[in-house]
Amino acid sequence: FFLNLKEKRKPLTMSTWTPPTTSTNNEKLKLFNSLTKQKDVFVPKNGNKVTWYGCGPTVYDASHMGHARSYITFDIMRRVLRDYFKYDVLYVMNITDLDDKIILKARQQYLFNKYVTDGCTDKDTVVGDITEAADALKKKIASPDTLPEKKETYSRSLASLDSGLAVLSGVEAPSHADFVTAAEAARDPLSDVLDKRMGHTVSENSIFSAVPQKWEEEFHKDLQALNVEAPDVLKRVTEVVPEIVVFIEKIIANGFAYESNGSVYFDVTAFKADPNHHYLKLVPEAGQNIDLLLEGEGALASEGDEKKTPFDFALWKKSKAGEPEWDSPWGKGRPGWHIECSVMASEVLGESMDIHSGGVDLKFPHHDNELAQSEAYFGNDQWVNYFVHAGHLHIKGHKMSKSLKNFITIKEALAKYTARQIRFMFLLSPWHATLDYSDDAMETAMVFEKAFNEFFLNIQSALHETTPHTFTKFDDEDNALATSFQATKDAVHSALCDSIDTPTVMKLCRDLMSTVNKYMQSKESNGIPIQSAILRQIGSYLTELLRVFGAIPRTSLIGFPTSSSSASLSDAILPKMLEFARIREAVRKIALQNKDKDVLQLCDAVRDDILPNLGVRLEDKEHGPVVKLVDREILMKEREQELAMKAEKERKKKEAAAKRAREEAEKKEKAKTKPEEMFVNDPNYSQFNDKGIPTHDKDGEPLAKAAVKKLTKQWKQQEKLHNKYFGDGNKKSKKQQQKKKVAVEE
């Protein structure tokens, strides 16, 4: 038997296996690149590692929302690259703590404070100083070269200055407090006058360092309040001055810079003539814009004929009296603006980087000159692979800026809105487009925030009504929701690949939330259980997406969580609150049946006053109570707004009633005049018909038919009004009402 079996056995053959094909979305991330003016596929130079340098602030004043536009925008992009696309990002940012603006601010602040302390003693002197400042402002306003928006700024300063002069002119012997009030009203223009007179006398280094130290500290506080993550590396200009000197020496050695009168300038002509280099990659059309170039050189730039051409720019500035200074091969001096970023970035990132970012207003001359001098130093033609620029933030149609004094500080904005609401505003706008900061823009952001908040609360409430590991068969609605969820995730991925298109992502999220809300309503109305697993997935996905965008903070715990920190407050409290809510609902239903107003008022007070103060929102729904745990401050603000709206509604109701009563009284007063008497005493008429309607004017001439027709119409209106209040019709109406009342009582 076994022998026969062995003979019949056939050799074994292996089954074939076909590798599966994938339908996965293979879209690649593209970024809008200012170097190419298009969306380019993002390819880091070193695998998964991304090197990024971001231009930081020049710290001489409070940071405003124009700055927040850049820092929140790039914080969102950085988080998306790191947390969504899973790149290993090294983000470097600088602090410009040495600049013409800082020097001027430090000198003027020092001289003004000294003036107020020691110099405000003579009325004629102070009036003369303020008048000199006023004359300087008037010249700027009258100049045809002054931009209209700057003229508005100067005009406001002049009005403030005039108010200061008025303080002194109205007093025979001004007190020191009067002098201080007048000087404060003229602070900025008066500081200019003082600086021109005595700026060269300021030499103490601590004066120049105090201003940037103060405002850098405030800047970091503002970023923390906005939930903007700190950079991985922070560089300051004053810490790298020796390195800047070495950097400049090599540019000179490479033939692209020259020394002149103790300063060093970049030789634009030599750079442009080199076939291996290209100048003005970002804004080629700005090549002849000498005004912008000079603005980039700073307010303290040398006015002498030191350059080979007007388009050469300073790498090293010879220090004048009243300016900080460092040693160099060319004498005492300080760095130019553009060279600072080249050195600070290269110190960490080397001869090239993946991403360089900044505000759109930095494209020229700052970033174009940065590229030129860095490429002149390294001898390459691509120091930066992707240049990204955040769009302007406008207010009332103008760019928000300190020079125009039309800015809103970050602290002022945070006093009115939350950091999340401000971030939502930026998420709803393309990052490289101009955005107008307005109440409408913030209102839209707040509507989106509220939609997300209500959605999360509804999901939490629904999930607490289900058992986590209970599964039921999917019906058509469940399958449709799952399909919609997957389609949304695919579309979100495509939008993020499309140069991090957050406005589209936000709209996709809103549409998904709407779909889920309809799904939950349908299930509830039909008494069918929800699929808790898919709702949990959607809730977690949207939460994580907002966390990626920085709209939901990440925990800062390091190490294993403790049992107390890992316990869910919601899981501990919500079941007990639901039990309480059901008991209250039972009491409320009994009170409704018995028409017990006192108990119903207590039930309302629990819902409207007591629970919100504990961070609990209770909603009375047709199918039963719904409990949501919400931030106490949000609930109290909602309650405050609700009471304010109720009070406003009551006020308008009373106003309307008073207006009706007033109009009724006026009508009744007017109705007292009988129609046949209304024209009798009018001096414009001399003859009347039997009804008292005028037929002739004051001169005895017959009135035109049209005039008589018009007067007849007025007469009939008065007749109707008089009869309404005092005629027989009114008396009959009152008698009929009295009869009805008696009949009802019987």
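Excluded from the calculations below are hydrogen atoms, water molecules and symmetry mates; all remaining heavy atoms, backbone and side chain alike, are included. All residue numbers refer to positions in the sequence shown, counting from 1. Since we're looking at a predicted model, the values are computed, not measured.
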Residues [X], [Y]: salt bridge by 4.0 Å N-O rule:
X    : Y    : result
E218 : K214 : no
E132 : K196 : no
E640 : K637 : no
E375 : K281 : yes
R107 : D195 : yes
K105 : D99  : no
K416 : D439 : yes
E325 : K320 : no

[X], [atom1] atom: more than 12 neighbouring heavy atoms under 6.0 Å:
X    : atom1 : answer
E295 : CD    : no
K411 : NZ    : yes
K151 : NZ    : yes
K363 : NZ    : yes
K45  : NZ    : yes

Measuring from atom [atom1] of [X] to atom [atom2] of [Y], what distance do you get when rounded to the nearest 0.5 angstrom?
X    : Y    : atom1 : atom2 : value
W215 : I95  : CH2   : CD1   : 14.0 Å
L35  : L282 : CG    : CG    : 5.0 Å
D361 : H367 : CG    : NE2   : 9.0 Å
L104 : L300 : CG    : CG    : 4.0 Å
Y110 : S191 : OH    : OG    : 14.0 Å

task = Evaluate the side-chain proximity of D100 to K317: yes if any heavy-atom separation is below 4.5 Å, no if none is.
result = yes

inquiry  = Measuring only between side-chain heavy atoms, which start at C-beta, is P324 closer than 4.5 Å to L98?
reply    = yes

ask   = Honestly, is K140 close enough over Y154, meaning NZ or CZ under 6.0 Å from the six-membered ring centre and within 45° of the axis?
value = yes

Checking [X] side chain against [Y] main chain: does a donor-acceptor pair fall under 3.5 Å?
X    : Y    : answer
N33  : N385 : yes
R423 : L226 : yes
S160 : A185 : yes

inquiry  = Check for me whether the distance between the ring centres of Y87 and F42 falls short of 6.0 Å.
reply    = yes

request  = Would you confirm whether the ring centroid of F452 sits within less than 6.0 angstrom of the ring centroid of F424?
outcome  = yes

message = For E216 and H220, which I'm curious about, is there any donor-acceptor pair between the side chains at under 3.5 Å?
response = yes

ask   = Do T502 and W431 have a side chain donor and acceptor closer than 3.5 Å?
value = no

query = Checking side-chain contact (heavy atoms from CB on, under 4.5 Å) against V89, which of L81, T51, D83, D354 comes through?
reply = L81

message = Which residue is it: H356, M353, R78? I am looking for the one with a side-chain contact (heavy atoms from CB on, under 4.5 Å) to W52.
response = R78

message = Among residues at least two apart in sequence or on other chains, which ones pass side-chain contact (heavy atoms from CB on, under 4.5 Å) with E412?
response = I408, T409

request  = Any pair with a residue in residues 328-352 that passes ring-ring contact (aromatic ring centres under 6.0 Å, His included), sequence neighbours left out, goes on the list, sorted by first then second residue, please.
outcome  = F313-H338, W316-W330, W337-H366, H338-H366

inquiry  = Students often mix this up, so state it plainly: with edges at 30° and 60°, are the rings of Y71 and H67 parallel, tilted or perpendicular?
reply    = tilted

Distance-only check: which donor-acceptor pairs under 3.5 Å involve side-chain atoms of residues 242-251, not counting sequence neighbours?
none

